Amino acid sequence: MSLPFRTFVRNFSTSGLKKNAIKNVTIIGGGLMGAGIAQVAASTGHSVVMVDQNTDILNKSKANIEKSLQRVVKKKYAEDPKAGEAFLSQVLGNLALETDAATSVKKADLVIEAIVENLKIKQELFKNLDMAAPASTIFASNTSSIPIKEIAVATERADRFGGLHYFNPVPMMKLLEVIRIPQTSDETFDKLLAFGKAMGKVTVNCKDTPGFIVNRLLVPYMMEAVRMVERGEATPKDVDTAMKLGAGYPMGPFELTDYVGLDTCKFIIDGWHEKYPDHPLFAPSPLLNKYVAEGKLGNKVGEGFYKSKK
Ligand SMILES: CCCCCCCCCCCCCC(=O)CC(=O)SCCNC(=O)CCNC(=O)[C@H](O)C(C)(C)COP(=O)(O)OP(=O)(O)OC[C@H]1O[C@@H](n2cnc3c(N)ncnc32)[C@H](O)[C@@H]1OP(=O)(O)O
Ligand SMILES: NC(=O)C1=CN([C@@H]2O[C@H](COP(=O)(O)OP(=O)(O)OC[C@H]3O[C@@H](n4cnc5c(N)ncnc54)[C@H](O)[C@@H]3O)[C@@H](O)[C@H]2O)C=CC1
């Protein structure tokens with residue numbers, strides 16, 4: 001059922017946010033995750049600037065956001081298409097695009113980084129943002145596997161630094177891991193938790209431990225799946241069918257790898273292998289490496305372990 005217009009305005013206009021709450025959010029990276037975070041932040045009344053390397057990428061990201069919003073609107077406003085249209089234009093009105101990261105943070109209460117999973121590149125970005133952003137701006141990374149403290153050292157604001165780890169697809173996945181490092185102030189952490197809740201997410205508090213909570217458990221499971229196939233014990237299709245029908249997972253590990261992106265999965269495993277070279281779990285996977293070398297990066301390019309629609 002659609003919402004009465006007054007409730008809709010309260011939920012989705014920036015004036016509906018609590019005093020002192022985070023309102024202006026800059027999201028760096030408009031890929032799979034950045035676009036999803038931008039969509040949900042804008043849908044919950046935040047004023048959002050989404051940044052990427054060029055306007056072509058940004059326009060594709062915006063088109064993906066619109067496609068996803070159409071799915072949400074079709075469902076939520078099935079009985080009131082006019083309210084659906086108003087919601088759509090309000091959300092898109094909350095979203096600005098920018099290619100210059102330094103300009104994008106001038107008014108930001110919060111910056112969420114969702115760029116490639118590479119420590120040096122993330123550090124370089126935050127070092128520059130630290131000089132450009134107001135002192136009061138809170139920084140957060142959406143990294144899947146890099147310790148937050150290793151990214152935060154690039155800045156002079158470790159007390160205003162934390163992790164916000166979202167799950168893919170962001171509009172559908174309810175969980176948000178909120179990570180603090182020892183230097184994160186209580187005020188910063190409370191603001192990050194409140195922001196997560198304002199986005200409609202269920203938050204869990206995490207320490208800055210490898211993989212936080214979900215990936216600490218998910219990565220070993222997925223690596224065991226790929227080793228099983230490498231040993232010739234099962235096909236990807238059979239593993240996926242088994243885990244969906246036998247363990248109740250919405251996607252099997254190979255479908256999920258295609259969904260996450262094989263390049264991102266490889267960045268995660270390579271990073272942990274470099275850090276823990278003797279740990280057999282993180283030894284390179286020849287099968288994953290082969291697919292990545294062939295450019296089969298998953299759903300985003302139309303092919304990974306499976307062929308898919310782009
Ligand atoms: C094996 C190789 C090993 C390689 C090494 C591995 C290394 C480690 C990798 C670790 C990766 C870590 C990544 C990370 O940091 C954390 C993550 O994000 S992990 C991923 C978490 N996500 C999941 O587990 C997703 C599981 N899947 C699902 O929950 C569902 O399949 C999904 C909701 C995605 C889709 O549902 P499904 O029923 O399958 O399909 P439908 O298309 O019918 O959709 C249902 C419903 O949902 C709506 N919808 C779906 N997507 C969107 C969207 N993007 N925007 C808006 N709406 C969406 C759709 O409209 C449907 O609505 P209805 O009302 O039901 O029609
Ligand atoms: N793919 C997934 O399922 C999940 C990924 N993550 C994490 O989120 C981050 C992003 O992952 P994805 O969105 O999947 O990657 P992606 O490859 O889809 O998107 C990354 C985007 O960042 C842009 N970018 C790269 N360097 C940039 C820079 N210096 N300035 C501005 N933009 C830049 C790229 O052009 C690209 O559009 C990674 O840290 C990843 O580990 C976290 C949860 C789930």
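In this text the structure is predicted, and so the values were computed from the model without any measurement. Counting starts at 1 for both ligands and their atoms, following the listed order.
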[atom] protein-contacted (non-hydrogen atom, under 4.0 angstrom):
atom                    : value
atom 32 (C) of ligand 1 : no
atom 22 (N) of ligand 1 : yes
atom 36 (O) of ligand 1 : no
atom 28 (C) of ligand 1 : yes
atom 66 (O) of ligand 1 : no
atom 53 (C) of ligand 1 : yes

Where's the contact between [X] and ligand 2, heavy-atom distance under 4.0 Å: side chain, backbone, both or neither?
X    : answer
Y166 : backbone
I57  : side chain
I28  : side chain

(request) Check the pair E177 / R216 against salt bridge (charged side-chain N to carboxylate O under 4.0 Å, His left out), numbers first and verdict last. (result) CA-CA 12 Å; E177 292 181 330; R216 182 69 171 258; over 6 Å; no

(request) Could you tell me which non-hydrogen atom of G261 sits nearest to which non-hydrogen atom of K300, and how far apart they are? (result)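 Here G261 and K300 meet closest at CA-CE, 4.1 Å.
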
(message) How close do F254 and V229 get, counting heavy atoms only, and between which atoms?
(response)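 Looking at all heavy atoms of both residues, the closest pair is CZ-CG2, 3.4 Å.
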
(message) Please evaluate residues T26 and I112 with respect to the criterion side chain to side chain contact (heavy atoms under 4.5 Å, CB included), reporting the C-alpha separation (whole Å), side-chain torsions for both, the decisive distance (0.1 Å), and the verdict.
(response) CA-CA 6 Å; T26 295; I112 305 174; over 6 Å; no

What's the shortest distance from [atom] to any protein heavy atom, and which residue and atom give it?
atom                    : value
atom 5 (C) of ligand 2  : M33 CG, 3.3 Å
atom 19 (S) of ligand 1 : L218 CD2, 3.7 Å
atom 1 (N) of ligand 2  : V260 O, 3.0 Å
atom 40 (C) of ligand 2 : S144 OG, 3.6 Å
atom 39 (O) of ligand 1 : P250 O, 5.0 Å
atom 24 (O) of ligand 1 : L256 CD1, 3.6 Å
atom 8 (O) of ligand 2  : N142 ND2, 3.0 Å
atom 2 (C) of ligand 1  : T257 OG1, 3.3 Å
atom 17 (O) of ligand 2 : K300 NZ, 3.7 Å
atom 46 (C) of ligand 1 : M172 CE, 4.1 Å
atom 56 (C) of ligand 1 : S68 OG, 3.2 Å
atom 15 (O) of ligand 2 : T264 OG1, 4.3 Å
atom 18 (O) of ligand 2 : L32 N, 3.0 Å
atom 34 (C) of ligand 2 : D52 OD1, 3.4 Å
atom 62 (O) of ligand 1 : K75 NZ, 3.1 Å

Hey, quick one: are [X] and [Y] part of the same hydrophobic cluster, counting side-chain heavy atoms closer than 4.5 Å, chains of contacts allowed?
X    : Y    : value
V51  : L92  : no
F139 : F212 : yes
V111 : F195 : no
V301 : F267 : no
I65  : M172 : no

Is the backbone of [Y] close enough, under 3.5 Å, to the side chain of [X] for a donor and an acceptor to pair up by distance?
X    : Y    : value
D109 : N24  : yes
D130 : F126 : no
K74  : G84  : no

(request) Pick out which of I179, I148, I115, N118 makes a side chain to side chain contact (heavy atoms under 4.5 Å, CB included) with T143. (result)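 Testing T143 for a side chain to side chain contact (heavy atoms under 4.5 Å, CB included) against I179, I148, I115, N118 leaves exactly one candidate, I148.
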
Counting only heavy atoms not in [X], do more than 12 fall under 6.0 Å of its [atom1]?
X    : atom1 : answer
E156 : CD    : no
K275 : NZ    : yes
E233 : CD    : yes

(message) Quick check: do I28 and S104 have side-chain heavy atoms less than 4.5 Å from each other?
(response)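 When only atoms from C-beta onward are counted, S104 and I28 do touch, with a gap below 4.5 Å.
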
(message) So W272 and L281, do their side chains get closer than 4.5 Å, heavy atoms only?
(response)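 Sidechains of W272 and L281: no contact.
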
In terms of atom number and element, which parts of ligand 1 are under 4.0 angstrom from non-hydrogen atoms of [X]?
X    : answer
F167 : 16 (C), 17 (C), 18 (O)
M251 : 26 (C), 27 (N), 31 (O), 34 (C)
N168 : 18 (O), 20 (C), 21 (C), 22 (N), 23 (C), 25 (C)
N215 : 12 (C), 14 (C), 15 (O), 16 (C)
M223 : 5 (C)

Provide the number and element of each atom of ligand 2 under 4.0 Å from a heavy atom of [X].
X    : value
G31  : 13 (O), 18 (O), 19 (O), 21 (C), 37 (O)
H165 : 42 (C), 43 (C)
K122 : 38 (C), 39 (O)

(message) Any nitrogen or oxygen of Y166, side chain or backbone, less than 3.5 Å from one on ligand 1?
(response)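 There is no such contact.
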
(message) Among D240, T257, N299, exactly one meets side chain to side chain donor-acceptor pair (under 3.5 Å) together with Y306. Which residue is that?
(response)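 Among D240, T257, N299, the one that satisfies the side chain to side chain donor-acceptor pair (under 3.5 Å) with Y306 is D240.
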
Could you name the option among [options] that has the heavy atom nearest to [atom]?
atom                    : options              : result
atom 20 (C) of ligand 2 : G261, A114, G29      : A114
atom 41 (P) of ligand 1 : E224, K67, R71, K244 : R71
atom 29 (N) of ligand 2 : I115, L129, L256     : I115

(request) Please determine if E294 and K290 form a salt bridge, counting it only when a charged side-chain N lies under 4.0 Å from a carboxylate O. (result)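 Looking at E294 and K290, the cut-off is met.
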
(request) Run the contact test for Y259 against ligand 1 with a 4.0 Å cut-off on heavy atoms, strictly below, and give the result. (result)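 Checking ligand 1 against Y259, which is what was asked, there is a heavy-atom contact under 4.0 Å.
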
(message) Please confirm whether H165 approaches ligand 1 to less than 4.0 Å, judged on its heavy atoms.
(response)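 Yes, H165 has heavy atoms under 4.0 Å from ligand 1.
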
(request) Check the side chains of T264 and E117 for a donor-acceptor pair under 3.5 angstrom, ignoring hydrogens and angles. (result)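 Short answer, no.
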
